[in-house]
Amino acid sequence: MAVLDQVRPLLSDPMFWARYFYAHDEGPGADRLGDLADDLDEAFEPDDDAEEDDEGDGEFHRELRFEVGDGYGLLLDFDVSLDSYNLAAYGPGRPEAELGWDDLAHWHPYALRWSELDLICRALAARDPELTHPGPALALLCRFAAVFDDDDVDSAVATVDAAYASLRPKKVRPKRWASYWPQGADWLERSDFRGEHVTWHRDEAGHSWGEQADNHGREFYSIRSARPESDGKGFPHELLREVLARAAAAA
C-alpha cells in the first residue's frame with residue numbers, strides 16, 4: 001500500500017485540514033472558517049453503527065509510515081475524531097519509539113528542528129515520486145517541527161505554504177469551502193520559538209536536544225529537552241540520529 005492511500009481523499013478537503021490543525025477549536029486560521037465552521041463538529045464524529053477493526057481502531061484512525069531508507073523512518077499515527085496526533089521513529093529490529101504527540105490536553109509535539117524535517121521530506125521525495133517536496137509529507141508532519149533563532153524562518157514559512165498550496169484543488173466545492181485553507185503563517189503561530197530562550201546542544205555522538213531557560217514566555221513542550229540518558233530511556237536520540245543519517249544519504 002502506498003503511504004498516502006489512507007489519506008488521499010482527505011488531502012484536498014479543507015474540513016480535514018481545519019480539524020487536523022485545530023482551526024475548529026480556535027486554533028490558527030479559525031477566523032477564516034466562515035460557514036465551514038457549522039459542519040466541523042459533525043464532519044469527523046464517529047459513526048455509532050460503524051464497526052471497529054481488529055485493532056480496535058475507529059474509522060478516522062490512520063497510520064502512515066514515511067520510510068527514508070534501510071527500513072528507517074517516521075510513523076504518523078492520528079485520529080482526527082479524537083484530535084490526537086502522534087509521531088514515532090522506527091527502524092529494523094527495533095520497537096517504535098515516541099518522538100512527540102499533539103492533542104488538546106497535554107501536548108508535547110516539538111520533536112524536530114525545521115532543518116531535520118526539511119531533510120526528511122527531501123529524502124522521502126527522492127525515494128517516492130508521489131511524495132513531492134514541498135508536498136503532502138511536509139503538510140502532514142510540520143506540526144511536529146519548530147523554528148528557532150538560527151533558522152531561516154521566512155524560507156521555512158514559504159516552504160510550508162507551498163506544501164499546503166500543492167494540495168489545494170484548483171476548484172474547491174462547495175463555494176463556501178473557498179474561505180479556508182491552511183497557511184504557512186498558521187503553522188508559524190504554533191511553532192515559532194524565536195526569542196523564547198531555547199538553546200540547542202549537541203554531544204560527541206551527534207545527538208541534539210533543546211533546553212529552555214527560565215523566565216521564558218512560551219513553553220517549549222518537547223520530550224527532546226534533555227541530554228541522552230545512559231540507560232537509553234527518555235527521548236530516542238539514537239534512533240532519530242539513525243533516521244536522519246538515512247535521510248541525509250537519500251536526499
Side-chain angles (χ1 to χ4, degrees), residues 3-53 55-66 74-89 96-112 117 136-147 160 163-164 167-168 176-177 179-193 218-225 235:
V3 66
L4 296 182
D5 282 354
Q6 294 184 63
V7 293
R8 202 178 307 280
L10 301 175
L11 296 179
S12 59
D13 185 349
M15 295 187 73
F16 166 72
W17 291 111
R19 189 75 187 233
Y20 190 86
F21 287 119
Y22 300 149
H24 75 294
D25 194 63
E26 301 302 320
D31 59 325
R32 303 193 307 275
L33 288 177
D35 292 340
L36 195 68
D38 296 337
D39 299 328
L40 274 172
D41 286 339
E42 298 181 359
F44 295 98
E45 285 300 312
D47 184 348
D48 292 337
D49 296 327
E51 295 184 2
E52 294 183 341
D53 61 23
E55 301 295 328
D57 296 324
E59 59 187 310
F60 299 114
H61 176 254
R62 302 289 188 272
E63 284 190 357
L64 306 180
R65 288 184 177 271
F66 295 95
L74 300 181
L75 171 65
L76 174 63
D77 182 319
F78 67 90
D79 190 324
V80 288
S81 70
L82 300 177
D83 296 316
S84 176
Y85 306 89
N86 301 276
L87 187 69
E96 295 160 2
E98 186 173 53
L99 299 176
W101 67 92
D102 204 0
D103 55 30
L104 293 172
H106 304 290
W107 57 92
H108 278 66
Y110 305 112
L112 301 171
L117 176 61
L138 183 67
L140 289 164
L141 295 171
C142 65
R143 71 180 313 125
F144 294 101
V147 290
V160 172
Y164 296 147
L167 300 173
R168 183 169 189 164
R176 63 192 181 86
W177 284 12
S179 60
Y180 175 79
W181 196 255
Q183 299 177 359
D186 299 338
W187 168 74
L188 183 63
E189 187 173 332
R190 301 184 74 238
S191 305
D192 190 356
F193 283 90
R218 181 180 182 191
E219 191 79 29
F220 178 51
Y221 288 115
S222 174
I223 59 172
R224 189 181 178 182
S225 58
F235 186 84

Is the backbone N or O of [Y] less than 3.5 Å from a side-chain atom of [X], with the two atoms forming a donor-acceptor pair by type?
X: Q6; Y: E63; value: yes
X: S191; Y: A145; value: yes
X: W187; Y: V160; value: no
X: R218; Y: R190; value: yes

Let me have the donor-acceptor pairs involving side chains of residues 23-32, under 3.5 Å, with sequence neighbours excluded, atom names and distances please.
| from | atom 1 | to | atom 2 | distance (Å) |
| --- | --- | --- | --- | --- |
| H24 | NE2 | R19 | NE | 3.3 |
| H24 | NE2 | D83 | OD1 | 3.2 |
| H24 | NE2 | D83 | OD2 | 3.4 |
| R32 | NH1 | D186 | OD1 | 3.2 |
| R32 | NH2 | W181 | O | 2.9 |
| R32 | NH2 | D186 | OD2 | 2.6 |

ring-ring contact (aromatic ring centres under 6.0 Å, His included) with [X]: which residues, sequence neighbours excluded?
X: F220; value: F148, F193
X: F66; value: none
X: H108; value: W101, Y221
X: Y180; value: none

side-chain hydrogen bond (donor to acceptor under 3.5 Å, both in side chains) partners for W17, two or more places apart: none

Among residues at least two apart in sequence or on other chains, which ones pass side-chain hydrogen bond (donor to acceptor under 3.5 Å, both in side chains) with R143? D102

Mind checking salt bridge (charged side-chain N to carboxylate O under 4.0 Å, His left out) for [X] and listing every partner two or more places apart, or none if nothing turns up?
X: D35; result: none
X: R65; result: E96
X: D77; result: none

If you apply the rule side chain to side chain contact (heavy atoms under 4.5 Å, CB included), what do you find for R224 with L99, and how did you get there? CA-CA 8 Å; R224 189 181 178 182; L99 299 176; over 6 Å; no

Holding to side chain to side chain contact (heavy atoms under 4.5 Å, CB included), I want the full list of residues that pass it with S81, two or more places apart in sequence or in another chain. P46, F60, D79

I'd like to check the side chain to side chain contact (heavy atoms under 4.5 Å, CB included) partners of D13; sequence neighbours left out, ordered by chain and number. M15, F16, W177

For L112 and L87, run side chain to side chain contact (heavy atoms under 4.5 Å, CB included): C-alpha distance rounded to whole Å, both residues' side-chain angles, the deciding distance at 0.1 Å, then the answer. CA-CA 10 Å; L112 301 171; L87 187 69; 4.3 Å; yes

To the nearest 0.5 Å, what is the distance between [atom1] ([X]) and [atom2] ([Y])?
X: L64; Y: L4; atom1: CG; atom2: CG; result: 7.0 Å
X: Y164; Y: F21; atom1: OH; atom2: CZ; result: 3.5 Å
X: L82; Y: D103; atom1: CG; atom2: CG; result: 10.5 Å

Would you name the heavy atoms of A111 and G100 that are closest together and state the gap between them?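 Result for this residue pair: CB-N, 4.4 Å.
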
Is there a side-chain contact between L117 and F144 in this structure, where contact means two heavy atoms from C-beta onward sitting under 4.5 Å apart?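 Side chain of L117 against side chain of F144, heavy atoms only: no contact under 4.5 Å found.
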
Under 6.0 Å between ring centres, would you say that holds for Y20 and F78?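 Between Y20 and F78, the centre distance is under 6.0 Å.
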
